[in-house]
Amino acid sequence: MAEFNTKVLIIGSGPAGYTAGIYAARAGLNPVLVAGPQIGGQLTITTDVENFPGFPQPVNGGELMLKMKEQAEKIGVRIVEDTITEIDLSKSPFYCSSENSHVFTGQTIIISTGASARWLGLKNEEKFRGFGVSACATCDGFFYRNRDVAVIGGGNSAVEEALYLTNFANTVTLVHRRDQLRADKTMQERLFNNKKVIVEWDSVVEDIIGSDNPRGVTALKLKNVKTDTMKTINIDGVFIAIGHHPNTDLFKGQLDLDSEGYIITKPDSCQTSVPGIFAAGDVQNAKFRQAVVAAGSGCMAALEAERYLSRL
């Protein structure tokens with residue numbers, strides 16, 4: 001058991017967490033970053049990243065996060081590979097305990113625990129994740145230019161992803177388990193008027209089919225929930241768009257959360273409902289879910305934490 005006391009405690013190690021650490025370290029605040037269960041966050045399961053500034057050639061998501069980690073450590077961030085399991089935000093310094101029985105106290109905390117995509121739970125879904133299975137069209141859509149893809153879901157997110165993918169793909173098949181979409185009417189009209197879109201109604205994914213050499217998705221096996229008939233469609237990629245779950249269970253009852261569980265922050269700020277507690281990245285931003293946006297909010301959170309500490 002070890003005890004870590006710091007002016008700035010950062011929970012989470014994605015782009016928001018590492019960037020917050022870099023800025024806090026440059027301000028001389030000696031931050032401690034607790035990496036969490038997935039070191040580097042969601043970007044580590046992304047293959048090529050083409051839209052992060054400063055990388056003219058595609059960079060592997062895991063490699064990008066490793067570079068961020070190295071930069072943070074070099075500049076003075078103390079990174080602890082552990083997971084916070086309990087937290088007390090009732091008084092400052094704020095108290096946390098971890099999976100490895102360590103104790104962390106911070107005069108401020110920056111929460112950057114992110115949001116996790118909801119998956120279908122299929123075995124091959126995990127096998128081909130990053131090799132034809134994705135949860136982010138804006139991250140990976142470019143790689144499917146003139147190819148056939150599928151989107152799973154029926155809400156606004158699924159329709160947005162499908163419409164975005166029509167900018168690149170040859171065809172986009174939307175697979176929905178019901179006979180009507182939950183998306184708003186305007187978006188539905190745009191979808192139905194797009195000649196690239198095919199809709200498979202009343203259908204669920206039974207299996208994701210792929211090859212091992214080269215590794216990648218080749219088809220989807222669908223089941224009609226009304227007739228129990230099976231159908232296989234040939235595709236090159238599948239995008240799961242059945243929602244995200246913000247990683248905020250630890251903070252329920254201690255911070256103000258919205259109806260979906262995202263941390264509520266003040267307008268144009270990373271300040272939460274508790275003074276001295278800040279939130280950055282996907283954990284408080286359900287709209288964009290982009291690495292560069294998360295990194296920017298990590299910078300904001302660190303600057304706000306520095307100003308908060310200077311006023312104490």
Side-chain angles (χ1 to χ4, degrees), residues 13-15 35-52 58-66 81 83 113-155 157-158 161-162 164-165 168-177 198 200 203-225 228-247 282 289-291:
S13 58
Q38 187 174 6
I39 301 171
Q42 290 256 29
L43 214 60
T44 57
I45 61 172
T46 301
T47 48
D48 288 338
V49 177
E50 288 195 323
N51 56 3
F52 199 87
V59 58
N60 178 274
E63 181 184 346
L64 176 60
M65 295 319 301
L66 184 60
E81 295 187 6
T83 299
T113 49
S116 302
R118 293 189 176 99
W119 300 97
L120 299 173
L122 301 172
K123 181 179 178 181
N124 278 348
E125 180 181 49
E126 185 172 346
K127 176 181 179 180
F128 293 110
R129 200 173 295 175
F131 296 89
V133 174
S134 173
C136 181
T138 51
C139 305
D140 301 324
F142 179 81
F143 301 108
Y144 295 90
R145 187 175 294 277
N146 299 322
R147 301 172 80 179
D148 299 309
V149 299
V151 175
I152 315 303
S157 294
E161 299 256 294
Y164 179 81
L165 288 164
F168 310 101
N170 180 43
T171 64
V172 179
T173 300
L174 184 70
V175 180
H176 186 43
R177 65 182 304 123
I198 304 163
E200 291 285 349
S203 298
V204 295
V205 180
E206 282 287 291
D207 197 12
I208 297 171
I209 302 166
S211 63
D212 291 324
N213 191 20
R215 192 174 178 186
V217 170
T218 57
L220 280 185
K221 184 179 180 181
L222 305 179
K223 176 184 177 181
N224 187 291
V225 296
D228 285 339
T229 56
M230 297 291 187
K231 179 178 183 178
T232 299
I233 60 171
N234 295 324
I235 58 159
D236 302 297
V238 56
F239 293 81
I240 314 301
I242 55 176
H244 283 71
H245 173 72
N247 301 318
D282 290 2
R289 293 200 300 269
Q290 296 295 304

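Excluded from the calculations below are hydrogen atoms, water molecules and symmetry mates; all remaining heavy atoms, backbone and side chain alike, are included.
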Looking only at heavy atoms, which two atoms of [X] and [Y] are closest? And how far apart?
X	Y	answer
Gly153	Ile242	CA-CG2, 4.2 Å
Val151	Ala241	CG1-CB, 4.0 Å
Ala35	Ser13	O-OG, 2.8 Å
Ile235	Gly237	CD1-O, 3.3 Å
Gly141	Leu165	CA-CD2, 3.6 Å
Ser134	Asp140	OG-OD2, 2.6 Å

Roughly how far apart are [X] [atom1] and [Y] [atom2], rounded to 0.5 Å?
X	Y	atom1	atom2	value
Arg118	His244	CZ	NE2	9.0 Å
Leu222	Thr232	CG	OG1	7.5 Å
Ile208	Thr218	CD1	OG1	10.5 Å
Asn51	Thr138	CG	OG1	7.5 Å
Gln38	Thr113	CD	OG1	12.0 Å

Open item on the list: Could you go through Leu43 and Phe52, starting from their C-alpha distance and side-chain angles, then the distance that decides it, and tell me whether this counts as side-chain contact (heavy atoms from CB on, under 4.5 Å)?
Closed with: CA-CA 11 Å; Leu43 214 60; Phe52 199 87; 5.7 Å; no

So do the side chains of [X] and [Y] get within less than 4.5 Å of each other, counting heavy atoms only?
X	Y	value
Leu220	Ile152	yes
Phe168	Val149	no
Pro15	Gln290	no

Do [X] side-chain atoms and [Y] backbone N/O form a donor-acceptor pair below 3.5 Å?
X	Y	answer
Arg215	Lys127	yes
Glu125	Gly121	yes
Asp207	Ile209	no
Glu206	Lys223	no

Open item on the list: Could you check whether atom CZ of Phe142 has more than 12 heavy atoms from other residues, nucleotides or ligands sitting under 6.0 Å from it?
Closed with: no

- [ ] Determine whether more than 12 heavy atoms belonging to other residues, nucleotides or ligands lie under 6.0 Å from atom CD of Glu50.
- [x] yes

Open item on the list: Using ring centroids (six-membered ring only for Trp), state whether Phe239 and Tyr144 fall under 6.0 Å.
Closed with: yes

- [ ] Please check if any side-chain donor atom of Asn247 sits under 3.5 Å from a side-chain acceptor atom of Ser116, or the reverse.
- [x] yes

Open item on the list: Does either side chain, that of Thr171 or that of Asp148, offer a donor lying less than 3.5 Å from an acceptor on the other one?
Closed with: yes

